[in-house]
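Positions are given from 1 along the sequence. Just so you know, these numbers come straight off a predicted model, no measurement behind them.
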Amino acid sequence: MSLALDLTDRVVLVTGGARGIGRGISGVLASAGATVVTCGRSDAEPAVPRGSHLVCDVRDPEAVQQMVDEVVGDHGRIDGLVNNAGGSPYSPAADASPRFHDKIVGLNLLAPLVVAQACHAVMQSQDRGGSVVNISSVSALRPSPGTAAYGAAKAGLDSLTRSLAVEWAPRVRVNSVDVGLCRTEHTADHYGGDEGVAAIERTIPLGRMAAPEEIGHVVAFLLSDLASYVSGATVECHGGGEPPVFLHVQKENG
């Protein structure tokens with residue numbers, strides 16, 4: 001087996017792949033040779049040269065099935081799925097409405113399952129099966145105040161990953177990536193400008209937030225034959241995580 005990370009002749013669907021982390025992932029996959037199809041709730045230019053973009057609300061099972069049928073109709077197969085679409089605005093759990101929680105869990109947990117089911121039906125009949133990568137979050141690993149439903153949904157996504165890896169083996173591999181802080185086009189606005197971003201980055205062991213492409217490198221590995229015996233895994237991609245508070249107190253006190 002070649003040791004090169006080569007996705008030539010692979011067709012990969014990336015949900016939410018036209019911007020932010022998804023765009024970085026799409027670019028890396030395309031550079032590795034993959035044919036990349038992105039989707040989102042609104043129309044957008046393809047994230048990569050020779051790529052394509054479809055409009056789809058991944059929370060709508062009928063729309064998802066139509067999208068998967070269109071990808072197969074255009075390309076004949078789906079070799080990889082990256083469940084990247086997700087997110088949550090800040091909202092304390094005590095104040096958020098049941099409808100809000102329902103939407104957050106739907107987008108971050110149930111939608112990835114719906115898309116994975118539709119792609120799985122295609123992958124199981126293919127000569128080389130397929131691979132699913134769920135983009136999760138460090139919020140699945142620690143308290144997530146202000147985004148409690150999001151953290152719970154991502155913890156559920158990691159659990160779902162392990163279950164699907166067992167159910168869908170050996171034809172389809174399923175893994176997840178727990179992503180930490182990552183620089184996107186909205187990072188400075190979200191964290192109060194460059195000064196706020198710099199303050200946060202000082203708390204990260206590697207000293208900076210990730211670039212979207214660095215998440216893409218992990219995803220590309222998991223989709224490739226280099227990860228042919230990796231399934232049911234959760235890869236933590238967070239620059240070393242969040243050091244305990246007492247370490248910062250010790251530094252401040254000398």
Side-chain angles (χ1 to χ4, degrees), residues 7-17 22 25-26 29 32 34-41 51-86 105-137 140 153-179 216 218-235:
L7 297 177
T8 303
D9 298 327
R10 307 291 175 95
V11 177
V12 183
L13 172 63
V14 183
T15 69
I25 292 172
S26 297
L29 300 183
T35 297
V36 178
V37 181
T38 62
C39 75
R41 281 180 288 177
S52 59
H53 180 82
L54 301 175
V55 176
C56 178
D57 185 341
V58 292
R59 298 169 298 182
D60 181 345
E62 291 186 3
V64 167
Q65 188 59 60
Q66 292 175 1
M67 172 182 65
V68 168
D69 290 344
E70 185 169 348
V71 175
V72 174
D74 289 342
H75 303 285
R77 58 191 302 115
I78 298 178
D79 299 287
L81 164 66
V82 182
N83 268 318
N84 169 74
V105 173
L107 176 61
N108 291 283
L109 175 58
L110 300 181
L113 174 57
V114 168
V115 183
Q117 284 178 306
C119 290
H120 163 264
V122 176
M123 293 173 176
Q124 283 287 355
S125 64
Q126 295 176 164
D127 52 351
R128 60 185 176 215
S131 176
V132 177
V133 178
N134 294 318
I135 302 302
S136 187
S137 168
K154 290 300 190 181
L157 185 60
D158 285 349
S159 175
L160 178 67
T161 295
R162 294 187 291 271
S163 296
L164 297 184
V166 174
E167 287 194 23
W168 294 355
R171 302 290 296 166
V172 177
R173 295 185 297 106
V174 187
N175 295 287
S176 65
V177 182
D178 281 358
V179 176
V218 177
V219 172
F221 163 73
L222 291 172
L223 290 174
S224 76
D225 289 341
L226 293 178
S228 59
Y229 202 64
V230 180
S231 194
T234 298
V235 179

Which is it for Leu13 and Cys119 under the side chain to side chain contact (heavy atoms under 4.5 Å, CB included) test, yes or no, and what are the steps along the way? CA-CA 9 Å; Leu13 172 63; Cys119 290; 4.1 Å; yes
Evaluate Asp225 against Arg10 for salt bridge (Lys or Arg N to Asp or Glu O under 4.0 Å), listing each step before the verdict. CA-CA 11 Å; Asp225 289 341; Arg10 307 291 175 95; 3.1 Å; yes
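With rounding to the nearest 0.5 Å, the separation of CD in Glu167 from CG in Leu160 is 9.0 Å. Separating the CG atom in Asp79 from the OG atom in Ser224 is a distance of 12.5 Å, to the nearest 0.5 Å.
Taking the side chain as every heavy atom from C-beta outward, Asn108 and Leu157 never approach each other to under 4.5 Å. No side-chain heavy atom of Glu70 sits under 4.5 Å from any side-chain heavy atom of Val37. Residues Leu107 and Val58 have side chains in contact (heavy-atom distance under 4.5 Å, counting atoms from C-beta outward). Looking at Val82 and Leu223, their side chains come closer than 4.5 Å, going by heavy atoms from C-beta outward. Looking only at side-chain heavy atoms (C-beta outward), Ile135 and Ile25 come within less than 4.5 Å of each other. No side-chain heavy atom of His120 sits less than 4.5 Å from a side-chain heavy atom of Leu164.
Without hydrogens or angle criteria, Arg173 side chain to Leu222 main chain gives a donor-acceptor distance under 3.5 Å. Between the side chain of Asp57 and the main chain of Arg59, a donor-acceptor pair closer than 3.5 Å is present. Within the 3.5 Å criterion, the main-chain N or O of Thr15 finds a donor-acceptor partner in the side chain of Asn84. Looking at Ser176, its side chain never comes within 3.5 Å of a backbone N or O of Asp158 through a donor-acceptor pair. In this structure, the side chain of Ser137 does not engage the main chain of Lys154 through any donor-acceptor pair within 3.5 Å. The main-chain N or O of Ala233 is found under 3.5 Å from a side-chain atom of Asn175 such that the two form a donor-acceptor pair.
The shortest heavy-atom contact between Ala85 and Gly16 is CB-N, 4.0 Å. Heavy atoms only, all atoms of each residue included: Thr35 and His75 are closest at CG2-CE1, 3.7 Å. Taking every heavy atom of both residues into account, Val55 and Arg41 meet most closely at CG1-O, 3.5 Å. Taking both residues in full, the closest heavy atoms of Trp168 and Val174 are given as CE3-CG2, 4.0 Å, listed atom of the first, atom of the second, then distance. Closest of all the heavy-atom pairs between Cys56 and Cys39 is CB-CB, 4.4 Å. In terms of heavy atoms, Met123 sits closest to Ser131 at CE-O, 3.6 Å.
Donor-acceptor pairing under 3.5 Å is lacking for the side chains of Thr234 and Asp178.
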